[in-house]
Structures are given as C-alpha cells and as structure tokens.
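In what follows, a single structure is set out as structure tokens and then discussed.
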Amino acid sequence: EDQVTQSPEALRLQEGESSSLNCSYTVSGLRGLFWYRQDPGKGPEFLFTLYSAGEEKEKERLKATLTKKESFLHITAPKPEDSATYLCAVRSTTGNQFYFGTGTSLTVIP
Amino acid sequence: GAVVSQHPSWVICKSGTSVKIECRSLDFQATTMFWYRQFPKQSLMLMATSNEGSKATYEQGVEKDKFLINHASLTLSTLTVTSAHPEDSSFYICSARGGRRPDGYTFGSGTRLTVV
C-alpha cells in the first residue's frame, strides 16, 4: 500500500535557523515525489517535483532532495514568511492520484 | 498557464440541505479532476476521481450517494454534498490534471464548508 509519512508534525524555528523536514514514503513504483506549501484556508501551492534518487531541486531558501525511501526539504535561513504547512505527496506508476502526507506545520519566529 | 477556480470559497449551510461546489479549469482542458477533503491539521484525503463524460471513481469509505460528482465538460467538475450533516464540515479541494505545470496538476483554492 502506498504510504507517505512526514515529520515532524510541527516545527518552530527562529528566523535564520536552518532545518530540514522529512518525508518517508512507500510506493510500489515512484512516478514522482512532490512538495507543496499550503497556507491556512488555501489550496496547496506547488514547490518541487523529484523523480529519481539523488535528484535535488532548489528554490530560494528551499532545497529538496530525494533518496529511495525519503525526501528532505531543507530550509536555509528561514524568514517569517516561510511559515506555512509543507506537504509531501507521491504518485505511483500504477495510478494518477496523489497520496499526501499529513504535513509539517512550520512557524518561523522573528 | 494553468488556473483552477473553485467556488464558493466558503459556505455555511443548514443540516439536511445540499451544497454544490464547482471546480473550473480556466485556461486548459482537464480530462481528469480530483476531489479531496481536508480536516483541520490533517492531510488531503482523496475522495474521488472524475473523468469527463464518465462516472466518478470513489475511494473506499466515501459514500457516492452523499458526495455526487459530475464532470460534464472538460472545464467543469462539481461536487454536491447531499443532506449535509455537521460531520461533513471540512475543507474541500479540487485538483485538475492538465495545463502547463511542472507537476501536471493544478489545485483549486479550496472551499470551507460549515454545516450547522
């Protein structure tokens, strides 16, 4: 059964304090692993897609990496505006739907 | 581009009434749309997949008679919550497949449903 687990559930960081969010996944065949940002009361906003182990993508203060079992979202020198819930999702080769993790709620304190 | 418009953004209804939520792809044709439900501090749970012109495929545990999905055109899918009850209060989000996006999918902005 395809499964996605994210940790930690919640993370509080001081502004400038770098950290990483984890996404562990089990999928029969990985078509893609996705990271989204979700602000309260809004739909998910696309950040990255990773397709194969060893792949890395960067965007501003965010960097996503992928291994065969997990993905990390590294946040370097975060700012208060990075506060949001970060969702990880996978698509398997056997279907079109996404399987989402429960998310990590990030709060960056000024 | 790829924009999905979801309407309404929030709705309050009385218990026992029905509510319709619309999901439109504005600048692309979406042959497949997905409907998700998200409870507070929980992740998005797929409810059903709808394909244009055919019956929706519901995930296990989702009542198809309660959550009616219609995908009559390539740009519009609707979710009707029938005989709503307070436990149906949730955040409903649609997603459309298609458009020029890196992930191939575009999410709507969600609908907050409160049943009183």
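Predicted model, so just to flag it, every value in this text is computed and none were measured. Naming: A, B, ... by sequence-line order, numbering from 1 per chain.
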Legend entry - Cluster link Tyr36(A) to Trp35(B), ILVMFWY, side chain under 4.5 Å: no
Inset, instruction - Specify the closest pair of heavy atoms between Thr102(A) and Ser43(B), including all atoms of both residues, with the distance to one decimal. - result: CA-CB, 3.3 Å
Inset, instruction - May I ask you to check whether over 12 heavy atoms, not counting those of Lys57(A), lie within 6.0 Å of atom NZ? - result: yes
Inset, instruction - Nearest 0.5 Å please: distance from the CZ atom of Phe46(A) over to the OG1 atom of Thr106(B). - result: 10.5 Å
Legend entry - From Phe91(B) atom CZ to Gln38(A) atom CD, the distance as rounded to the nearest 0.5 Å: 6.5 Å
Legend entry - Heavy atoms from other residues, nucleotides or ligands near NE2 of His85(B) exceed 12 (cutoff 6.0 Å): yes
Inset, instruction - Determine whether more than 12 heavy atoms belonging to other residues, nucleotides or ligands lie under 6.0 Å from atom NZ of Lys55(B). - result: no
Legend entry - Contact origin within Glu9(A) toward chain B - heavy atom pairs under 4.5 Å: neither
Legend entry - Which atoms of Glu59(B) approach chain A - backbone, side chain, both or neither, heavy atom under 4.5 Å: side chain
Legend entry - Over 12 foreign heavy atoms within 6.0 Å of CZ, Arg12(A): no
Legend entry - Linked, directly or transitively: Val90(A) and Tyr86(A) (ILVMFWY side chains, under 4.5 Å): yes
Legend entry - Candidate pair Phe100(A) and Gln38(B), rule side-chain contact (heavy atoms from CB on, under 4.5 Å), full reasoning: CA-CA 11 Å; Phe100(A) 281 88; Gln38(B) 186 177 33; over 6 Å; no
Inset, instruction - Measure the CD-OG distance between Glu45(A) and Ser109(B) for me, rounded to the nearest 0.5 Å. - result: 12.5 Å
Inset, instruction - Apply ring pair (Phe, Tyr, Trp, His ring centres under 6.0 Å) to the pair Phe34(A) and Tyr105(B), showing each step before the final yes or no. - result: CA-CA 11 Å; Phe34(A) 305 83; Tyr105(B) 294 78; 7.2 Å; no
Inset, instruction - Report yes or no: do Val4(A) and Leu47(A) belong to one cluster of Ile/Leu/Val/Met/Phe/Trp/Tyr joined by side chain heavy-atom distances under 4.5 Å? - result: yes
Inset, instruction - Below 4.5 Å from any heavy atom of chain A, which atoms of Leu44(B) appear? Answer side chain, backbone, both or neither. - result: both
